[in-house]
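Take a look at the structure below.
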Amino acid sequence: MGWMSRFIAVVAFLAIGVIFSPETFGSISSSDGLQPPKLSTYLKLAHLLCFSTAFGAALWVTFIGGIIMFKNLPRHQFGNLQSKMFPAYFAMVGVCCAICVTCFGYLHPWKSASTSEKYQLGLLLSAVVFNLANLFVFTPMTVEMMKQRHKVEREEQIGEEVGWSKNVEVAKVNPKLKAMNKKFGMIHGLSSLANIMAFGSLAVHSWYLSGKMNL
């Protein structure tokens with residue numbers, strides 16, 4: 001099943017869920033006081049879907065997918081794959097967080113929002129900022145540094161192994177590679193920190209949302 005087919009299937013299931021929800025059926029009859037879904041209902045749906053998408057993607061990429069790939073792919077192949085995946089990942093999560101900010105800000109205007117609601121808006125905004133910083137600053141720097149290091153490693157005939165073992169050994173006798181490792185580690189560390197901060201902001205927001213649920 002292609003990407004478009006999967007997307008259409010998801011949208012179809014969502015549409016069916018909305019059409020056959022009790023709220024939609026209830027809107028047909030006014031005897032029980034139910035009204036057609038309001039704008040706030042759609043905004044809450046958009047907020048929930050975008051938040052869950054951003055949180056799920058961040059959880060998978062940060063703690064599961066990336067680790068599995070690193071432990072099973074040749075290092076250069078892993079790096080090249082990450083260089084293609086991370087821009088798409090940060091763009092998607094950034095857009096989802098931006099939609100969450102828009103919906104949450106509309107539903108909870110700043111002047112009438114409670115202190116906790118203002119904190120939540122700040123957390124969502126910070127998630128947007130961290131993802132944009134990764135998308136436009138740290139990721140391009142990391143990818144460029146990775147390409148330069150790959151070139152040096154190919155000259156040393158390493159990089160097709162899984163893990164860091166050969167890089168560490170060669171760096172002990174190659175000052176250029178050692179310097180590159182240090183610079184790459186610093187830039188990659190800043191990128192990882194920004195990603196963790198964005199994920200942490202979403203995790204705190206998930207606690208807020210759980211307190212609003214009536215199951």
Would the number of heavy atoms belonging to other residues, nucleotides or ligands and lying under 6.0 Å from [atom1] of [X] be above 12?
X	atom1	result
Tyr208	OH	yes
Lys151	NZ	no
Met145	CE	yes

>> When you compare the side chains of Ser201 and Ser126, does any donor N or O come within less than 3.5 Å of an acceptor on the partner?
In response: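 A donor-acceptor contact under 3.5 Å links the two side chains.
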Please output the side-chain donor-acceptor pairs of residues 67-75 that fall under 3.5 Å, not counting sequence neighbours, one pair per line with the distance.
residue, atom, partner, partner atom, Å
Asn72, ND2, Ile68, O, 2.7
Arg75, NE, Glu161, OE2, 3.4
Arg75, NE, Gly163, O, 3.1
Arg75, NH1, Glu153, OE1, 3.0
Arg75, NH1, Glu153, OE2, 2.8
Arg75, NH2, Glu153, OE2, 3.3
Arg75, NH2, Glu161, OE2, 2.7

> OG1/Thr139 to NE2/His188 distance, rounded to the nearest 0.5 angstrom?
Replying inline: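 The OG1 atom of Thr139 sits 9.0 Å away from the NE2 atom of His188.
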> Ring centres of Phe90 and Phe136 under 6.0 Å apart?
Replying inline: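 No - the distance between ring centres of Phe90 and Phe136 does not fall below the 6.0 Å cut-off.
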> Between Met146 and Ser83, which heavy-atom pair has the shortest distance, and what is it?
Replying inline: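 For Met146 and Ser83, the tightest heavy-atom pair comes out as CE-CB, 4.0 Å.
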> What pair of heavy atoms forms the shortest contact from Ile158 to His76, and how long is it?
Replying inline: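 Shortest heavy-atom contact: O-CE1, 3.6 Å.
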> What residues form a ring-ring contact (aromatic ring centres under 6.0 Å, His included) with His47, not counting sequence neighbours?
Replying inline: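 ring-ring contact (aromatic ring centres under 6.0 Å, His included) check on His47 returns Phe104, His205.
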> Do Leu107 and Ser40 have side-chain heavy atoms sitting under 4.5 Å apart?
Replying inline: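 Yes; the side chains approach each other to less than 4.5 Å.
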> Are any of the side-chain heavy atoms of Leu124 and Leu202 separated by less than 4.5 Å?
Replying inline: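 Answer yes - side chains close enough.
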